[in-house]
Amino acid sequence: MNPTITCFGEILWDVLPTSKQPGGAPMNVAADLRNFGVDSQLISRVGSDELGSELLDFLRQKGLPLDLVQVGQSHLTGVAKANISDLNEVTYKIVQPVAWDYIQLEPNLVEAVRNSDLFVYGSLAARSPQTYQTLLALLEVAPRKAFDVNLRAPHYTRDIVEELLEKADIVKLNEHELVELSSWYGDENDLHRAMYQLRAQYKLEKLIVTLGEHGAVLLDRAGMHSQVGFPVEVADTIGSGDAFLAAFLYKTLQGETPRKTLEFACATGAYVAGQRGATPSFTEEVIKNQYLISTTV
């Protein structure tokens with residue numbers, strides 16, 4: 001059966017110096033999963049404004065259902081001002097408050113999450129009390145949970161991140177985020193030891209650390225798995241980490257081996273870094289052909 005993955009959190013416009021493009025990590029992951037044919041859906045909220053209507057049109061184009069995306073009257077659609085002066089490390093100024101800070105707990109959301117194979121969430125959506133409480137309620141009914149840590153200062157606190165870690169089965173973060181989390185528990189400087197420490201602390205099924213152009217590392221019950229990065233001429237890195245996560249979750253639910261899962265995820269992240277925009281269209285075959293990834297284990 002085709003798995004169902006529900007992503008929760010922010011949907012917004014990334015405002016670049018000369019244009020704007022749809023964004024928000026949960027939305028990017030959901031859109032990328034659709035490229036692989038996964039039955040993905042997004043829980044979020046937009047305003048009843050032109051920017052909100054444009055985002056809903058974009059979701060339709062990506063084949064994502066709209067029934068879990070709320071439309072509010074009292075707050076504007078989300079916007080983030082992106083600084084892309086460093087192509088490898090995009091930074092954002094994320095406007096607050098906006099519509100996705102006010103996601104309401106409704107019966108259809110609970111039902112959707114309860115019936116999903118995987119529930120994906122991040123820390124940014126927990127910045128406001130309303131959306132955070134909705135998230136906590138949905139985490140209680142989710143059968144399996146993936147936490148995309150995604151720290152965006154100043155929109156998180158240690159207490160909230162720790163609570164979200166407690167709820168997770170799978171955690172993905174980058175090397176800078178691992179350093180910060182490790183500093184909370186004794187400042188472990190060795191990457192592998194820090195990963196073992198964090199996985200043990202929160203009894204995680206899988207812990208993934210992305211290393212940008214240098215690839216990624218996975219720690220699971222079988223031990224440590226590493227994958228070097230794939231060479232790519234970077235167009236921009238917006239959305240490449242989200243594409244990595246989508247590919248990783250897709251292969252995980254397929255039951256692929258950890259090594260092949262990590263390889264495919266790194267190739268997908270590299271492919272998106274070589275394209276302009278956060279959510280280019282692609283297929284599994286495009287990724288495999290570009291990076292000569294075989295289908296054999």
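Keep in mind that what you see is a predicted model, and the values were worked out from it rather than measured. Position 1 is the first residue of the sequence; numbering continues from there.
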Worksheet item: Which value, rounded to the nearest 0.5 Å, describes the distance between Thr77 atom OG1 and Asp49 atom CG?
Response: 3.5 Å

Worksheet item: Under 4.5 Å between any side-chain heavy atoms of Val209 and Leu173, yes or no?
Response: yes

Practice prompt. Taking all non-hydrogen atoms of both residues into account, name the closest pair between Leu105 and Ala137 and its distance.
Written response: CD2-CB, 3.7 Å

Worksheet item: Within the distance-only criterion (no hydrogens, no angle test), does the side chain of Lys206 pair as donor or acceptor with the backbone N or O of Thr252 below 3.5 angstrom?
Response: no

Worksheet item: Side-chain heavy atoms under 4.5 angstrom apart, residues restricted to Ile, Leu, Val, Met, Phe, Trp, Tyr: same cluster for Leu207 and Phe244?
Response: no

Fill in: Side chain to side chain, Leu164 and Leu139, heavy atoms closer than 4.5 Å
yes

Discussion item. Given 3.5 Å as the limit, does a donor-acceptor pair link the side chain of Thr134 with the main chain of Ile103, or not?
Written reply: yes

Worksheet item: Does Arg127 come within less than 4.0 Å of Asp101, counting only side-chain N to carboxylate O?
Response: yes

Worksheet entry | hydrophobic_cluster_shared for Leu76 and Leu12, side chain cutoff 4.5 Å | no

Worksheet entry | Within 45° cone of Tyr185 ring axis and under 6.0 Å: Arg158 NZ or CZ | yes

Fill in: Main-chain N/O of Gly37 paired with Asn2 side-chain donor or acceptor, under 3.5 Å
yes

Discussion item. What verdict does the side chain to side chain contact (heavy atoms under 4.5 Å, CB included) test give for Tyr121 and Leu138, after you've listed the backbone C-alpha separation in whole Å, the side-chain angles of each residue and the deciding distance to 0.1 Å?
Written reply: CA-CA 10 Å; Tyr121 62 101; Leu138 295 176; over 6 Å; no

Worksheet entry | Where Gly241 and Lys172 come nearest, the two heavy atoms and their spacing | O-NZ, 3.5 Å

Worksheet, complete the sentence: So CG of Asn28 and CG of Leu245: to nearest 0.5 Å the spacing works out to 10.5 Å

Worksheet item: Is there a donor-acceptor pair under 3.5 Å between the side chain of Arg199 and the backbone N or O of Leu204?
Response: yes

Item to complete: Mind checking the CD-CD spacing from Glu177 to Glu175? Nearest 0.5 Å is all I need.
Response: 10.0 Å

Worksheet item: Would you call Arg193 and Glu188 a side-chain contact if the rule is heavy atoms closer than 4.5 Å?
Response: yes

Worksheet, complete the sentence: With sequence neighbours left out, the residues meeting ring-ring contact (aromatic ring centres under 6.0 Å, His included) with Tyr132 are none

Discussion item. Once side-chain hydrogen bond (donor to acceptor under 3.5 Å, both in side chains) is applied, what residue pairs with a partner in residues 9-24 remain, sequence neighbours excluded?
Written reply: Lys20-Glu54

Fill in: Close side-chain approach of Thr131 to Phe8, heavy-atom, < 4.5 Å
yes

Practice prompt. Return the minimal non-hydrogen interatomic distance between Pro258 and Asp220, and the atom names on each side.
Written response: CG-OD2, 3.4 Å

Worksheet item: Hey, what do you get for OG (Ser226) to CG (Leu211), rounding to the nearest 0.5 Å?
Response: 8.0 Å

Practice prompt. Give a yes-or-no answer on whether the side chains of Gln73 and Ser48 include a donor-acceptor pair shorter than 3.5 Å.
Written response: yes

Item to complete: Could you state whether Ile287 and Tyr250 fall into the same hydrophobic cluster, counting links through intermediate Ile, Leu, Val, Met, Phe, Trp or Tyr residues with side-chain heavy atoms under 4.5 angstrom apart?
Response: yes

Worksheet item: Under a 4.5 Å cut-off applied to non-hydrogen side-chain atoms, are Lys62 and Leu59 in contact?
Response: no

Fill in: Which residues share a side chain to side chain contact (heavy atoms under 4.5 Å, CB included) with Val95, sequence neighbours left out
Val79, Val98

Item to complete: Sequence neighbours left out, what passes side chain to side chain contact (heavy atoms under 4.5 Å, CB included) with Ala153? Give chain and number order.
Response: Tyr156

Response to the item:
Hits for salt bridge (charged side-chain N to carboxylate O under 4.0 Å, His left out) against Glu140, two or more places apart or cross-chain, chain-then-number order -> Lys167

Response to the item:
Closest non-hydrogen contact found for Leu33 with Cys7 is CD1-SG, 4.4 Å

Fill in: Minimum side-chain heavy-atom gap Val38-Leu253 below 4.5 Å
no

Worksheet item: Do Trp100 and Met27 belong to the same hydrophobic cluster, where Ile, Leu, Val, Met, Phe, Trp and Tyr are linked whenever their side-chain heavy atoms lie under 4.5 Å apart, directly or via other members?
Response: yes

Worksheet item: Is the side chain of Gln41 donor-acceptor paired with the backbone N or O of Asp39 at a distance under 3.5 Å, no angle test?
Response: no

Discussion item. I'd like to know if Lys251 and Glu263 make a salt bridge, using a cut-off of under 4.0 Å between side-chain N and carboxylate O.
Written reply: no

Fill in: For Ala247, side chain to side chain contact (heavy atoms under 4.5 Å, CB included) partners two or more places apart
Phe36, Phe264, Ala265, Thr268

Worksheet item: Rounded to the nearest 0.5 Å, what separation is found between the CG atom of Asp148 and the CG atom of Asn150?
Response: 5.0 Å

Response to the item:
Closest non-hydrogen atoms of Asp117 and Pro3, given as atom of the first, atom of the second and distance, are OD2-CA, 3.3 Å

Worksheet item: Is it true that Leu64 and Phe119 fall in one hydrophobic cluster, defined by side-chain heavy atoms closer than 4.5 Å?
Response: no

Worksheet item: Can any side-chain N or O of Thr257 pair as donor or acceptor with the backbone N or O of Lys260 at less than 3.5 Å?
Response: yes

Worksheet entry | Closest heavy-atom pair and its distance - Arg34, Gly63 | NH1-O, 3.0 Å

Practice prompt. Nearest 0.5 Å please: distance from the CZ atom of Arg144 over to the OG atom of Ser116.
Written response: 13.0 Å

